[in-house]
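This one's a predicted model, so the numbers in the text were calculated from it and none came from an experiment. Residue numbers start from 1 in every chain, and the chains themselves are labelled A, B, ... in the order their sequence lines are given, proteins ahead of strands.
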Amino acid sequence: MATNKYPTPMLDQLEEGPWPSFITGIKRLRDEHPDQRINDVTASLLGQLEHSYETRKGYWKGGTVSVYGYGGGIIPRFSEVGAAFPESKEFHTLRVQPPAGNHYSTGMLRQLADSWEKWGSGLVTFHGQTGNIMFIGTTTENTQHFFDEINDYGWDLGGAGPCVRTAMSCVGAARCEMSCTNEQKAHRLLVNNFTDDVHRPALPYKFKFKVSGCPNDCQNAVERADFAVIGTWRDDMKVDQEAVKGYLDTKGRQYIIDNVITRCPTNAISLNDDDTIAVNNKDCVRCMHCLNVMPKALKVGDDKGVTILIGGKRTLKIGDLMGTVVVPFKKLETEEDWESIVELAEEIIDFWAENALEHERCGEMIERVGLVNFLEGIEVEVDPNMVSHPRECSYVRMDGWDEEAVKWFDRQAEAS
Amino acid sequence: MAKEMREPIETGCPDPFQYMHPMMRRNFGMWDYHEHPRPGVLLHVAKNGDKMWTIKAGTQRILDVFTLRKLCQIADDYSDGFIRFTIRSNPEFFVTEESRVQPLIEKLEGEGFWVGGTQNSVTTLSHTQGWLHCDIPGTDASGVVKSMMDELIDEFREANMPNRVHITTSCCQINCGGQGDIAINVQHTKPPKINHDLVANVCERPSVVARCPVAAIRPAMVNGKPSLEVDEKKCICCGACFPPCPPMQINDAEHTKLSIWVGGNHSNARGKPTFQKLVASGIPNNPPRWPEATAIVKRILKAYKEGAKDWERINEWVERIGWPRFFEEVELPFTKYHIDNWRGARKSLNSSTYIRF
C-alpha cells in the first residue's frame, strides 16, 4: 500500500534557506527509504508535526515503557492524535549513553544506523541536552528489540525519570592543552558506579554528573549538574616568556595590555618594562582568560586536580541554581583519590535520597536545609572557599563558636 | 506464557578510547597549545610536535540515517573515519595533514554542512525536542533553530563577533536548553485550563499541589468530582503543574509567548559564571519561521558586535555599558516585568548611586 503523505505546507517552508533542514531529512526517510514501515511512520510524524505547527500545540503524552530488567531509559511517547496519524501513534525515544567525550568511529555509527533503521524511525540526535544519543521514534515492542541488539555490541541505556542521569564530559585530555584531569575517567567512574540508579529510577528526582577539564567549563557543569567536577591547578601557571614576546610582536603592546593585563579579574598579571610578564599566582583565581588569549605562552600548572560544586540545576521549581563549591581542590591521581571521589558522590546521593522532598533537586534541598546542615550530613568540613563572602546578617545562634574555632585551628595544624 | 526475556548487560557509559582518533589516543594529556587557522578550524599541537586539525560543521541535529551515513562517508573519504560531536551537536572531523583541510571543508560545504562555530562566532543554537517529541512543549525547537540559523549563517561561518555567542532555545519554562548569551524561551501568560473530568483519573493530586512553586493549587470538588483548582491571582503561569497533570493544559495557541534573555555564561573567564536576564517578552510564537524572535536576536547581536570590546561576552558588555543603554541600543521597552520579585530579588536591585548619564 502506498504511503499516505499528509500535506505539510508549513513544514515545507522549513526546507528553504541555507542551513540543513531536518524536514528535508525526514521527508527523505518518507520518500526514499526502502522500508515501507519507515516511509509510513515518518509520513505520519510529519502529519502530526504539521498539525502542531497549525494549532501551536504539542500532541505527545508520556506513559510507562521500559525494557526487560530496567525501569527507565526510555522516553515513552503516545500520540493524542493517533487516530488521525496512526502510523506514529507509538513513537518512543531510547536514551543511549554515549562514550565519554562523544567520540565515534564511522564503523560504529554505521552499525548503530543499521540497527536503528531495522527497529526504529531512522531519526537520531547526537546528543540530547542531558547528553544521551537520542534514538527518536519506535514502538513499545521494537524498543526491546533495538535495545537487545545494540546492548549486545556494547551500548547501554541512559537515565530517564527520577534517577542518576547520563553524564557528560568535555573532550578534555584527548585534545585540549587546558585539561587538568582525566575527564573521561572521572565521567565513567562516577556514572558507572551508579548503573543501578541509572536504570531503576528510585531517587527523589534527577541527579546529573558533568565533568569539565578546566574552569572554561565547556560542559556547563556549574550551571546544570548536581555534581560538577571542574579541573583546576594549585601551583603556579607556566609562563613561556619567549612566547609572550611572540604575542607582543604580532598583536602589539596595547592589545596585550587591553586584552590580557587589564582583563584579569584579580589584577594578578602585569607587563614588565622588558616585555616579560609577571603573575601573582597567590591572587590568581584560575579564571582561564589569559590562557585563552595566549595559549602558547601561558599554561596550566603541574599540580592539577578538580574543584567539585554541588547543586546546579535549571528552573523548576525554585529558579535556576548554580552549583556551590563543596570541595575546593581535590587531587585525582592515586587509586585512593579516585575511590574517594566516588565515595563522596555516594555520600551525597545517599543524604539527598534520605532528606529530599519528592521532586526536589539536590541544590533545592541544600537551599532548604542550608549548606551547613548539608555539609554535616555528608561529613565535609566548612571552608571559606565555599562562600563569596561570610554572612551579613547577625540573626544566628552562635553559642558553639569556641568549639568551632578550635576545630578550624586543629584542621590548620593537621594540614601544615 | 511469555517467551524468555534477554537479561540486559549493564555496561553503562562506554570506554571512548576504542572510538577515538589515534592521534588523540597517542597524545592523551600531552597537548601543548592550539591555534585558530580560520573560522571552523582548530589546530592542536602536541608536545611531541604532532598536529591535528579539527573541522567543525553544522547539521540539522535531528539526523535521518541517510544524513548520518553521509557524514560517515565524508569522514571515511576525507578524514580518518572518526567523528566527535560537540555539546551543541556540531560534528567534528579530524585530519593530521594541513593539505587535507581545504578539501574536507569544500566537501562538507558542498554537501550543505557549513563549516564554522569556533572561536568568536555564533555557534549552533542548542535546542530541545519541542513539538517533534516532547510531551509538554509550548513551541517547536528544531524549526526555531533552523529558521534562526538560516539568518545567522554568516555569523556562524565568520568568527567576527567580540567573543563567542551561545544561543539556546527552550520549549517550556523549565528551560532544558540551559543558559545562553542569548536564550529564546517559552513564556506562558495565562493560568492552565483545567479539564476537570480527567484530573481525578490522570493526576496524582498531592504531587501536583506540591509541584506548584507558589502554592496556588489546591484540591477541590468540581461538578461532583475530585479535581484541582488554581488560585489565578497567585498563579505565575509557569506550567510546572502540566507535566504531572496533563489535564491542566498550559499551552495556548495565542497566550503562549516567547521571551528573550541575555547574559548567561557558564565560563569562569574574567568573571564568575552568570545567569541570563530577561530582556524581551510578549513575542508571538509564530511558526513556521518565528520572524519576530529572530529580528530581536539580530538586533541584540548587531548592538553587541558594534559595542563590545574584544573578548567581552554579552553579559560583560552589558555590565560595562549599563542596562539603560542596553535597552536603548536594542530598542526594547523596559517594563515592570524586568524587576525581579522572586526569592533573592533584592540582590538584583541597584543599591548605589552608580548611574550612567
Side-chain angles (χ1 to χ4, degrees), chain A residues 10 13-14 17-20 22 25 28-29 52-53 56-58 60-62 68-69 97 99-106 109-110 113 117 122 124 126 129 148 151 156 173-175 177 184 188 191-192 195 215-217 220 222-224 259 263 265 287-289 295-296 314-317 320, chain B residues 5-6 8-14 16 19-20 24 28-29 31-34 44 59-68 72 75-76 81-85 112 131 133 135 137 142-143 146 149-150 153 174-176 178-179 213 240 251 253 266-270 273 275 287-288 310-311 342:
Chain A
M10 291 183 91
Q13 295 179 51
L14 289 171
W19 193 256
F22 69 111
R28 198 163 165 211
L29 291 173
S52 279
Y53 271 59
R56 302 183 181 182
K57 286 244 180 79
W60 298 110
K61 282 295 150 258
Y68 179 74
Q97 294 196 49
N102 299 340
H103 301 269
Y104 297 92
S105 63
T106 52
L109 287 173
R110 288 175 196 276
E117 70 186 351
V124 57
F126 296 88
Q129 291 293 340
D148 286 345
N151 187 226
D156 198 2
R175 198 205 53 205
E177 72 275 16
Q184 324 203 345
R188 294 186 68 231
V191 79
N192 286 350
T195 307
N216 281 321
D217 192 8
N220 295 7
V222 68
E223 285 180 348
R224 57 194 314 167
N259 290 285
R263 306 297 275 279
C287 88
M288 301 302 292
H289 172 71
K296 258 186 189 170
R314 293 278 61 76
T315 315
L316 186 69
K317 159 181 169 177
D320 293 37
Chain B
M5 298 297 283
R6 175 187 169 281
I9 309 163
E10 301 201 40
T11 43
C13 172
Y19 307 123
M20 194 185 286
M24 286 198 258
F28 192 84
W31 293 97
D32 191 22
Y33 67 92
H34 73 277
H44 285 89
T59 73
Q60 61 268 51
R61 183 171 181 265
I62 306 290
L63 302 177
D64 55 281
V65 285
F66 292 116
T67 303
L68 179 59
C72 289
D76 287 342
F82 294 90
I83 296 177
R84 202 186 83 83
F85 289 89
W131 287 330
H133 204 257
D135 60 335
S142 317
K146 157 71 179 153
M149 287 312 294
D150 278 341
I153 193 151
I174 296 172
N175 189 21
C176 298
Q179 295 284 324
N251 292 308
H266 56 260
S267 169
N268 286 274
R270 300 171 303 284
F275 282 142
D310 284 354
W311 296 97
W342 194 245

Toward chain A, the part of [X] with a non-hydrogen atom under 4.5 Å:
{"X": "B:H34", "answer": "both"}
{"X": "B:L68", "answer": "side chain"}
{"X": "B:I153", "answer": "side chain"}
{"X": "B:W342", "answer": "side chain"}

Please determine, among [options], the option with the most heavy-atom pairs under 4.5 Å with chain A.
{"options": "B:Q60, B:R84, B:M149", "answer": "B:R84"}
{"options": "B:A269, B:P273, B:A240", "answer": "B:A269"}
{"options": "B:S142, B:A75, B:G112", "answer": "B:S142"}
{"options": "B:R61, B:H44, B:M20, B:R270", "answer": "B:R270"}
{"options": "B:L63, B:T59, B:N175", "answer": "B:L63"}

Need one label for [X]: side chain, backbone, both or neither, based on atoms under 4.5 Å from any heavy atom in chain B.
{"X": "A:Q129", "value": "both"}
{"X": "A:V124", "value": "both"}
{"X": "A:N151", "value": "both"}

For A:R175, the salt bridge (Lys or Arg N to Asp or Glu O under 4.0 Å) test, sequence neighbours excluded, returns B:E92
Ignoring hydrogens and geometry beyond distance, is a side-chain donor-acceptor pair present between A:N220 and B:Q179 at under 3.5 Å? no
Check against salt bridge (charged side-chain N to carboxylate O under 4.0 Å, His left out), B:D135 and A:K61: CA-CA 5 Å; B:D135 60 335; A:K61 282 295 150 258; 6.0 Å; no
Tell me, do B:I174 and A:T315 make a side-chain contact under 4.5 Å, heavy atoms counted? no
Could you tell me which residues satisfy side chain to side chain donor-acceptor pair (under 3.5 Å) with A:E117, sequence neighbours excluded, listed by chain and number? A:H33, B:R69
Interface check, chain B: of A:Q13, A:R110, A:M10, most non-hydrogen pairs under 4.5 Å belong to A:R110
Salt bridge between B:D64 and A:R28, side-chain N to carboxylate O under 4.0 Å? no
